[in-house]
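Heavy-atom basis, side chains included; hydrogens, waters and symmetry copies ignored.
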Amino acid sequence: ARPDLLLVSFGNLLVGLTFAGAVTTFFPLYGRAVGLSEATIGALFAARAAGLVCSAAGVIALGRAATTVRGAVEPSIGRGDTSEGG
């Protein structure tokens with residue numbers, strides 16, 4: 001296990017939870033105070049959800065691409081085979 005990666009992951013989790021909590025708790029109250037309708041506030045939450053889905057799809061695509069490249073290269077790593085083509 002890599003402690004540095006674990007620490008960064010934990011920090012990202014805390015920031016994500018804090019931001020999500022602040023947005024879902026205070027944004028509707030602020031929006032109502034400045035005159036936004038419930039439908040507008042709901043539409044903004046829907047747009048946020050759509051953005052999260054798009055970003056997750058991008059992460060999944062990158063993960064698959066990285067796995068494919070890693071799988072193509074990994075068999076020759078650590079075998080001492082330095083010839084081209086594995």
Exercise. Which residue pairs pass the salt bridge (charged side-chain N to carboxylate O under 4.0 Å, His left out) test with at least one member in residues 12-30, sequence neighbours excluded?
Worked result: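 Every candidate salt bridge (charged side-chain N to carboxylate O under 4.0 Å, His left out) pair involving residues 12-30 fails, so no pair, neighbours aside, qualifies.
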
Exercise. Can you list every salt bridge (charged side-chain N to carboxylate O under 4.0 Å, His left out) pair that touches residues 27-39, not counting sequence neighbours?
Worked result: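 For residues 27-39, and leaving out neighbouring residues, the salt bridge (charged side-chain N to carboxylate O under 4.0 Å, His left out) pairs sorted by first residue read Arg32-Glu38.
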
Problem set entry | Summary of side chain to side chain donor-acceptor pair (under 3.5 Å) pairs that have at least one residue in residues 19-30, sequence neighbours excluded | none

For this session: Return each pair, listed once, that meets side chain to side chain donor-acceptor pair (under 3.5 Å) where at least one residue sits in residues 39-55; pairs must be two or more places apart or across chains.
Result: Ser37-Thr40

With a cut-off of 3.5 Å and sequence neighbours excluded, list every side-chain donor-acceptor pair involving residues 10-18.
unit_1	atom_1	unit_2	atom_2	d
Thr18	OG1	Leu14	O	2.7

Exercise. Are Leu44 and Val34 connected in a single hydrophobic cluster, I mean Ile/Leu/Val/Met/Phe/Trp/Tyr linked by side-chain heavy atoms less than 4.5 Å apart?
Worked result: yes

For this session: Is it possible for you to say whether Phe45 and Phe19 belong to one hydrophobic cluster, with membership spreading through side-chain heavy-atom contacts below 4.5 Å?
Result: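 Yes, Phe45 and Phe19 fall within the same hydrophobic cluster.
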
Exercise. Under the side-chain contact (heavy atoms from CB on, under 4.5 Å) test, which residues partner Leu5, sequence neighbours left out?
Worked result: Arg2, Ser9

